[in-house]
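Comments concern the structure below.
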Amino acid sequence: MKPSQDSASHAGADDKLKHSVTTILDQPGNQLSAAQQQRLYQARELALARFDVRASEAPRLRERLALWLQRHTQGLRRSVLALSFAMMAGTGLWLMEGLLVEEEAVDAAILAHELPLEMLMEPHFSGSLHD
């Protein structure tokens, strides 16, 4: 086939699909026959009766296990979240304490040094040390 014939047949297929979909959607879906309505009513009543029977029974082992697992999984998630926050706060405090101890050690070393404190305060002091 030629490209122009391909596009023409494709357009025809699209029109056919649009017409089919439109026809299906235009059909009134809420007008059921009496027999269909009766069968739907019976199926609904049967489903409600089954639900009432099932709701009155004690939960099965599988259901109890699923509920237990769900409750404990939620508790575990909360615990992990609390633990991660505690670890982050503890790490921050540990780092701050380490910096404070290091600063105190530097202060003690400066004050315990043989050089006078005025000598250490001069702007060119560190430059002359490196020479």
Side-chain angles (χ1 to χ4, degrees):
M1 273 190 205
K2 296 180 184 176
S4 61
Q5 288 177 346
D6 266 347
S7 62
S9 66
H10 185 66
D14 283 344
D15 289 339
K16 195 176 203 180
L17 178 65
K18 287 178 187 176
H19 177 70
S20 299
V21 170
T22 305
T23 304
I24 291 170
L25 292 177
D26 286 343
Q27 296 296 322
N30 58 357
Q31 296 178 0
L32 301 174
S33 68
Q36 288 174 331
Q37 288 179 355
Q38 182 63 27
R39 282 185 291 181
L40 286 173
Y41 178 75
Q42 289 172 350
R44 181 179 184 275
E45 290 299 318
L46 182 62
L48 287 174
R50 285 182 189 162
F51 176 78
D52 289 339
V53 168
R54 182 66 189 103
S56 65
E57 292 177 357
R60 297 177 184 156
L61 178 63
R62 176 181 276 176
E63 292 168 349
R64 288 190 309 223
L65 182 63
L67 288 173
W68 180 87
L69 185 64
Q70 184 181 18
R71 276 189 233 115
H72 285 80
T73 302
Q74 288 174 350
L76 183 63
R77 286 179 184 164
R78 290 181 186 139
S79 300
V80 167
L81 184 63
L83 181 62
S84 64
F85 283 140
M87 287 181 64
M88 287 172 32
T91 303
L93 289 173
W94 178 68
L95 288 173
M96 289 301 295
E97 182 181 325
L99 292 174
L100 289 175
V101 168
E102 185 177 311
E103 186 177 312
E104 290 172 0
V106 169
D107 289 345
I110 288 174
L111 293 174
H113 205 273
E114 302 110 24
L115 291 174
L117 189 57
E118 293 82 23
M119 186 74 155
L120 298 173
M121 300 290 281
E122 287 186 19
H124 303 293
F125 174 74
S126 64
S128 63
L129 283 178
H130 293 294
D131 292 341

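His72 is not listed as a side-chain neighbour of Leu76, based on a closest heavy-atom distance of 4.5 Å or more. In this structure, Leu93 and Glu97 have side chains that are not in contact, with every pair of non-hydrogen atoms separated by 4.5 Å or more.
With rounding to the nearest 0.5 Å, the separation of CH2 in Trp68 from CG in Leu65 is 7.5 Å. Interatomic distance, Arg78 CZ to Thr73 OG1, rounded to the nearest 0.5 Å: 11.0 Å.
By the 6.0 Å contact criterion, CZ on Arg54 is enclosed, its count of non-hydrogen atoms from other residues, nucleotides or ligands being greater than 12.
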